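This is a predicted model, so every value here is computed, not measured. The analysis underlying the following values was restricted to heavy atoms, covering all of them including side chains, and did not include hydrogens, waters or symmetry mates. Order of the sequence lines sets the chain letters (A, B, ...), proteins ahead of strands, with each chain counted from 1.
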2 protein chains.
Amino acid sequence: MLKKERQAYILHKLDLHNKVVNTGLCADMGVSEDTVRRDLYELSQAGKLIKVHGGALSLAFNEVRFESTNVYSQSKKVKIAEKAIGLIHNNMYVLTSGGTTILEMAKQLPPQLRATFITGSIPALNLYIAHPNINVIVVGDKVNKASRITVGASALSKIREVNADLCFLGTNAIDLQRGITDNDWEVVELKRAMVAASAKTVCLAISEKLNSFEALQVCALKQIDYLITELDPNDKVLQPYVEAGITVL
Amino acid sequence: MLKKERQAYILHKLDLHNKVVNTGLCADMGVSEDTVRRDLYELSQAGKLIKVHGGALSLAFNEVRFESTNVYSQSKKVKIAEKAIGLIHNNMYVLTSGGTTILEMAKQLPPQLRATFITGSIPALNLYIAHPNINVIVVGDKVNKASRITVGASALSKIREVNADLCFLGTNAIDLQRGITDNDWEVVELKRAMVAASAKTVCLAISEKLNSFEALQVCALKQIDYLITELDPNDKVLQPYVEAGITVL
DNA sequence: CCTTCATTTGCAACTTTTTGCAACTTTAAT
DNA sequence: ATTAAAGTTGCAAAAAGTTGCAAATGAAGG
């Protein structure tokens, strides 16, 4: 088993179970514990998992309780959320992906707003339900516990039935050539369906995500209607995106 | 079980019950009392809980909680939940309705249990997701905010695709002639579909609901396999149900 | 096909962390 | 005050991690 192969397997197993143990991985992959440890070390350096004594935990596992979400990026997300909410008007149908930026938006939604939100993100769902005037539609399917979103064929086909006004994507990576990219196949498929099901697509990204890319393409740049970051729209980093025809807020 | 995992589990259990006892945690996690004590010590040092003789309390404990459900019926629900959990075995597919008795069951699920739960109840969903070994499938559709369950044609058709081993119904009214009845048309349709989609149907009802009825029938008595109340199965109130061929627990 | 070179892997010796046990002390409840 | 349950402390065994090193592997070029 090749190194890349092993590491992909580790991440996949983490995705399924939220944790992996050293000894289990040895048995699975037929390598020594030392090698597994080295793989885990590399992956933790790359920020893909949290190494603990005896194994590793998924990032999401930690997020739930142990990590006080980085205050610095938190304030950026608040800024982004405020701008994003300005796009939503009464009686709209809105599709939202998962991700912490989307959650921030869900928290800020003004109580007067009357709209219908459609999502497979469980944390977002909980916030929408608490809102007095928002209708909620859940995209049902198997729940991926690490990312706490529903994934699968049924979720996909349900999204394809939707005709939404807006689609908000929490974005992992955005780049001029490659558009929006992500690293989880299931998430990519869902986001792609969301974009296709919406009249307008809004990309929410903190500035660190700009000009970076991951392995799998969600959509090309020209399919995005709005790009929202915490920066001033006149910031020179954003000008290439403006020139590409995107409304930058 | 990894250390971080154990500690996360302890905090999770505290969230549910506001207290944990040493011995219970030992049994849950399969470690010695010393280890549990050390975990509690670390968590208390980190300010995540309050350690007391014999266990620990959640930080929120000092806020006196006036639960909407009175303490009296709460303890009945705990009893029912404990009996109900005895019916669930590893690798089963379990359908659950909404309702507070079902929620109590979700809170008590033993951490070792490996099963797949299918539900449209949002509060139940949140509890299942927090469980370490349970797979969750969400029945998606429009959310009824009052009852916090998904309702609609799509939810119905999804349930009809399921082949579950067990179906747990939180019950509003049960009666010898009319079987299980309810007063909300959408809920009745969902429960009916759930019964049809499961090999066995389990009816959870506090004793006040016995021998009462509502306007709409979910199913006849003979379609119920198990009836669980907080009473002793030999209680004379329950004998007519035993005679009707139901296993009363 | 072979050689070379960098990388990867497993092993061995050693350190650290984790865990359960035993002896003893403290707590709380009758 | 008595007693059983819980807590503490010290300790030793087991598990996991670390480091250095040599063998194995794989890619690149001849």
Side-chain angles (χ1 to χ4, degrees), chain A residues 1-59 61-62 64-67 146 183 215, chain B residues 1-62 64 71 75 78 82 110-112 132-133:
Chain A
M1 216 174 178
L2 269 31
K3 189 166 146 182
K4 273 273 161 79
E5 220 178 331
R6 287 200 311 269
Q7 299 194 349
Y9 174 78
I10 291 170
L11 291 176
H12 172 67
K13 193 167 182 184
L14 263 180
D15 220 35
L16 295 179
H17 301 115
N18 271 340
K19 79 153 186 186
V20 288
V21 294
N22 229 316
T23 51
L25 290 173
C26 288
D28 288 353
M29 309 192 293
V31 291
S32 76
E33 275 193 66
D34 298 77
T35 303
V36 168
R37 260 194 285 275
R38 276 186 276 242
D39 282 338
L40 292 181
Y41 173 77
E42 284 177 25
L43 289 169
S44 75
Q45 284 298 89
K48 309 258 177 178
L49 51 76
I50 314 269
K51 219 173 106 45
V52 296
H53 202 92
L57 302 171
S58 76
L59 296 174
F61 184 99
N62 245 34
V64 175
R65 190 169 299 281
F66 288 94
E67 200 154 319
N183 52 23
Chain B
M1 219 173 175
L2 302 170
K3 188 166 145 181
K4 272 256 170 140
E5 212 186 346
R6 287 200 312 267
Q7 299 191 349
Y9 174 75
I10 291 170
L11 291 176
H12 164 62
K13 194 166 182 184
L14 268 178
D15 264 357
L16 298 182
H17 306 299
N18 279 329
K19 79 162 189 190
V20 288
V21 295
N22 229 316
T23 50
L25 291 173
C26 289
D28 287 352
M29 309 194 293
V31 291
S32 76
E33 274 193 68
D34 298 77
T35 302
V36 168
R37 260 194 285 274
R38 275 185 277 243
D39 282 338
L40 292 181
Y41 173 76
E42 284 177 25
L43 289 169
S44 74
Q45 285 298 88
K48 311 257 174 160
L49 52 75
I50 298 163
K51 217 171 108 45
V52 296
H53 200 90
L57 302 173
S58 77
L59 295 174
F61 186 78
N62 38 7
V64 182
V71 181
S75 73
V78 172
E82 282 167 359
Q112 304 85 354
N133 289 310

Requested in this report: Calculate the interatomic distance between B/L40 atom CG and C/dT19 atom P; express it in whole Å.
Outcome: 13 Å

Query raised in the report: Taking all non-hydrogen atoms of both residues, which atom of A/A56 and which atom of A/L40 are closest, and how far apart?
Result: CB-CD2, 4.0 Å

Report task. Quickly work out the B/R6 CZ to C/dT18 P distance and round it to whole Å. Result -> 9 Å

Report summary line: Per-helix bend value, the helix from C/dC1-D/dG30 to C/dT30-D/dA1, C1' rotation axes over five pairs per end, 10° rounding, shows 50°

Query raised in the report: Which whole-number value in Å describes the distance from B/D39 CG to C/dT18 C1'?
Result: 10 Å

Requested in this report: Determine the minimum heavy-atom distance between A/L57 and A/L14, stating which atoms define it.
Outcome: C-CD2, 3.7 Å

Query raised in the report: Residues in side chain to side chain contact (heavy atoms under 4.5 Å, CB included) with B/Q45, at least two apart?
Result: B/Y41

Query - 4.5 Å side-chain heavy-atom contact, B/I10 and B/K48 - result: no

Query raised in the report: Under a criterion of less than 4.0 angstrom to any heavy atom of chain B, what are the 5'-terminal and 3'-terminal contacting nucleotides of DNA chain D?
Result: D/dA6 to D/dT9

Query raised in the report: Counting only non-hydrogen atoms, which of residues 11-20 of chain A are less than 4.0 Å from DNA chain D?
Result: none

Report task. Determine: side-chain N/O of A/K3 to OP1/OP2 of C/dT7, distance under 4.0 Å, yes or no. Result -> no

Query raised in the report: Starting at CZ of A/R37 and ending at C1' of C/dT8, how long is that distance when rounded to a whole Å?
Result: 16 Å

Query raised in the report: Do A/H53 and B/K4 have side chains that get closer than 4.5 Å, going by heavy atoms?
Result: no

Report summary line: Residues passing the side chain to side chain donor-acceptor pair (under 3.5 Å) test with A/K51, sequence neighbours excluded, are none

Query raised in the report: B/M1 CE to C/dT19 P: how many Å, rounded?
Result: 12 Å

Query - For the student: nearest non-hydrogen atoms of A/V20 and B/L2, plus distance - result: O-CD1, 4.0 Å

Query raised in the report: Can you list the residues that meet the side chain to side chain donor-acceptor pair (under 3.5 Å) rule with A/D39, with sequence neighbours excluded?
Result: A/R6, A/Q7

Query raised in the report: Under the side chain to side chain donor-acceptor pair (under 3.5 Å) test, which residues partner A/R37, sequence neighbours left out?
Result: none

Query raised in the report: Does B/P111 have any side chain to side chain contact (heavy atoms under 4.5 Å, CB included) partners at least two apart in sequence or in another chain, and if so, which?
Result: B/Y9, B/D28, B/P132

Query - Shortest non-hydrogen contact from A/I50 toward A/S58 - result: CG1-O, 4.2 Å

**Report entry** Sequence-distant partners of B/H17, side chain to side chain contact (heavy atoms under 4.5 Å, CB included), two or more places apart
**Finding:** B/K13, B/K107, B/Q108

Query raised in the report: Does B/S44 have any side chain to side chain donor-acceptor pair (under 3.5 Å) partners at least two apart in sequence or in another chain, and if so, which?
Result: none

Output one line per pair: protein atom, nucleotide atom from nucleotides 20-30 of chain C, and distance, for all N/O pairs under 3.5 Å.
unit_1, atom_1, unit_2, atom_2, d
C/dG20, OP2, B/S32, N, 3.1
C/dG20, OP2, B/S32, OG, 2.8
C/dG20, OP2, B/T35, OG1, 2.2
C/dG20, N7, B/R38, NH2, 2.6
C/dG20, O6, B/R38, NH1, 3.4
C/dC21, N4, B/D34, OD2, 3.1

